There are 2 protein chains.
Amino acid sequence: MIRPMSPETDTRTRILATAREMFHSRSYADVGIQEICDGAKVQKGSFYHFFPSKQGLALAVIDIVADEWAQGFVAEAFDQNLPPVERLDYLIDAAYYWQMASRDIDGRMPGCLFGNLALEMSTRDDVMRAKLNAIFDKAKAKFRATLEEAVRTGAMAALDTEATAAAMLAYLEGIILLAKTRNNPDVILTLGPAIKTLRIELRH
Amino acid sequence: MIRPMSPETDTRTRILATAREMFHSRSYADVGIQEICDGAKVQKGSFYHFFPSKQGLALAVIDIVADEWAQGFVAEAFDQNLPPVERLDYLIDAAYYWQMASRDIDGRMPGCLFGNLALEMSTRDDVMRAKLNAIFDKAKAKFRATLEEAVRTGAMAALDTEATAAAMLAYLEGIILLAKTRNNPDVILTLGPAIKTLRIELRH
DNA sequence: GCTTGACTTGACCGACCGGTCTAGTATGAT
DNA sequence: ATCATACTAGACCGGTCGGTCAAGTCAAGC
């Protein structure tokens with residue numbers, strides 16, 4: 001039942017894109033459904049045809065951004081032919097340019113959508129918390145694979161790759177948090193490279 | 001942990017304490033003034049006698065918590081007679097126990113009030129952003145002093161104390177973010193000690 | 001006793017919240 | 001042609017939002 005140029009895809013996509021930007025640059029609670037509908041040039045009735053609730057929309061937005069992430073700059077940073085340790089530098093650069101690009105009209109840094117939602121929603125919505133947690137786990141796995149390769153090739157001394165990967169993810173989120181609070185993306189460039197110094201030793 | 005406060009305590013104090021707990025365990029937007037008034041056993045009119053607005057209340061809450069922080073466990077962690085490097089371990093422990101203690105009835109981790117508010121409000125309220133930024137700067141200064149002492153005593157090789165202090169603060173906030181998303185304070189203990197491995201070298 | 005000013009009470013405001021519902025349009029399948 | 005279904009339109013719902021206000025209570029200062 002696939003219709004060419006189906007208005008479904010169009011409308012749904014428009015809602016998703018509008019919501020995504022608004023949630024990212026503001027917050028979940030601060031953005032209303034009416035506002036999203038206005039921005040997407042869609043009526044309320046259409047919105048609730050495609051999404052069961054505001055929460056459902058947010059879940060869908062998270063999925064989309066996570067996919068885009070995984071296939072976009074994260075994949076680039078992690079899957080290219082650079083030596084593993086240099087991939088971390090590449091990732092920091094990518095994070096910087098991504099933040100620069102997604103600054104809003106007034107030049108404000110939106111930060112990381114996942115980090116933003118995690119802190120806003122974790123105590124309020126366990127479904128969302130679990131979803132964000134899963135995304136963080138995937139990101140951690142990327143770090144871990146990089147670390148394992150680095151250890152294998154001798155670029156890094158043996159360490160607890162699982163824990164260190166989590167530490168690096170935490171550090172990345174922390175840097176973005178600080179950069180957003182300072183409203184200064186340069187923080188990412190200044191602090192980012194130190195991600196390579198993080199180490200958690202293997203327990204014996 | 002949200003219990004009505006006894007009407008005997010000072011009204012302003014009751015409002016502040018109630019708001020503090022609610023903002024910390026939920027979010028700014030999710031907590032209404034009426035709800036705060038109910039929790040504090042205060043009428044709306046009294047609320048607006050003591051505070052000009054919801055924003056004004058939040059600013060006051062931030063001040064109070066920042067003071068308590070500075071004089072409480074942060075001061076303990078940083079100002080005692082431990083060798084500087086061990087102070088960092090002490091700080092991680094303190095953060096862990098603090099998070100354990102402030103878990104709500106359902107066992108949810110509230111995370112760091114400042115980090116929570118920073119991500120929720122930075123793009124919406126520049127006054128709040130600036131205030132939170134100043135608090136982070138103060139925290140950074142504590143890290144820096146510790147690092148300088150560590151370098152002076154030879155416990156650490158010379159490094160960029162200013163940048164490394166910021167990195168440590170970012171890492172701490174990142175750890176708490178991750179722990180909150182996982183709803184597992186143990187993350188702090190697992191990842192925390194690696195804060196000592198963070199290094200940003202001096203630029204020549 | 002009277003006044004002043006800090007504090008309290010609770011009704012009230014317009015705006016907006018997330019969400020529902022009915023009516024209607026457009027399209028593809030039969 | 002007709003029917004089912006996908007989608008749209010937008011009025012409407014009860015409730016809550018942050019904030020205002022007029023009318024008090026009460027204790028200290030004169």
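First the proteins, then the strands, lettered A, B, ... as listed; each starts at 1. Just so we're clear, the structure is a prediction, and the values are computed from it rather than from any experiment.
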Legend entry - Output field: ring centroids F78(B)/Y90(B) closer than 6.0 Å: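 Between F78(B) and Y90(B), the centre distance exceeds or equals 6.0 Å.
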
Rounded distance in Å - [atom1] ([X]) to [atom2] ([N]):
X: I33(A); N: dG19(C); atom1: CD1; atom2: P; result: 5 Å
X: D38(A); N: dG18(C); atom1: CG; atom2: P; result: 12 Å
X: R14(A); N: dT8(D); atom1: CZ; atom2: C1'; result: 11 Å
X: D10(B); N: dT8(C); atom1: CG; atom2: C1'; result: 14 Å
X: F50(B); N: dT9(C); atom1: CZ; atom2: P; result: 11 Å
X: D30(B); N: dT16(D); atom1: CG; atom2: P; result: 13 Å
X: L57(B); N: dG19(D); atom1: CG; atom2: P; result: 10 Å
X: I15(B); N: dC7(C); atom1: CD1; atom2: C1'; result: 11 Å

Legend entry - Side-chain N,O (T11(B)) to OP1/OP2 (dC7(C)) below 4.0 Å: no

Inset, instruction - From the options dG19(C), dC7(C), dT20(D), select the nucleotide whose nearest atom is closest to the side chain of H49(B). - result: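 Among the listed nucleotides, the one closest to the side chain of H49(B) is dC7(C).
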
Legend entry - With D63(A) via side chain to side chain contact (heavy atoms under 4.5 Å, CB included) - residues at least two apart: K131(A)

Inset, instruction - Please work out whether the ring planes of W98(A) and W69(A) are parallel, tilted or perpendicular, with thresholds of 30° and 60°. - result: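 Ring orientation of W98(A) relative to W69(A): perpendicular.
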
Inset, instruction - Enter the distance from K196(A):NZ to R199(B):CZ here, rounded to the nearest 0.5 Å. - result: 13.0 Å

Report, one pair per line, the protein and nucleotides 10-13 of chain C atoms (nitrogen or oxygen only) whose separation is under 3.5 Å.
unit_1	atom_1	unit_2	atom_2	d
dG10(C)	OP2	Q43(B)	NE2	3.2
dG10(C)	O6	G45(B)	N	3.1

Legend entry - Lys/Arg N to Asp/Glu carboxylate O, D125(B) vs R129(B), below 4.0 Å: no

Inset, instruction - Please tell me if the side chains of I188(A) and D93(A) come closer than 4.5 Å, counting only heavy atoms from C-beta onward. - result: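 Not in contact.
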
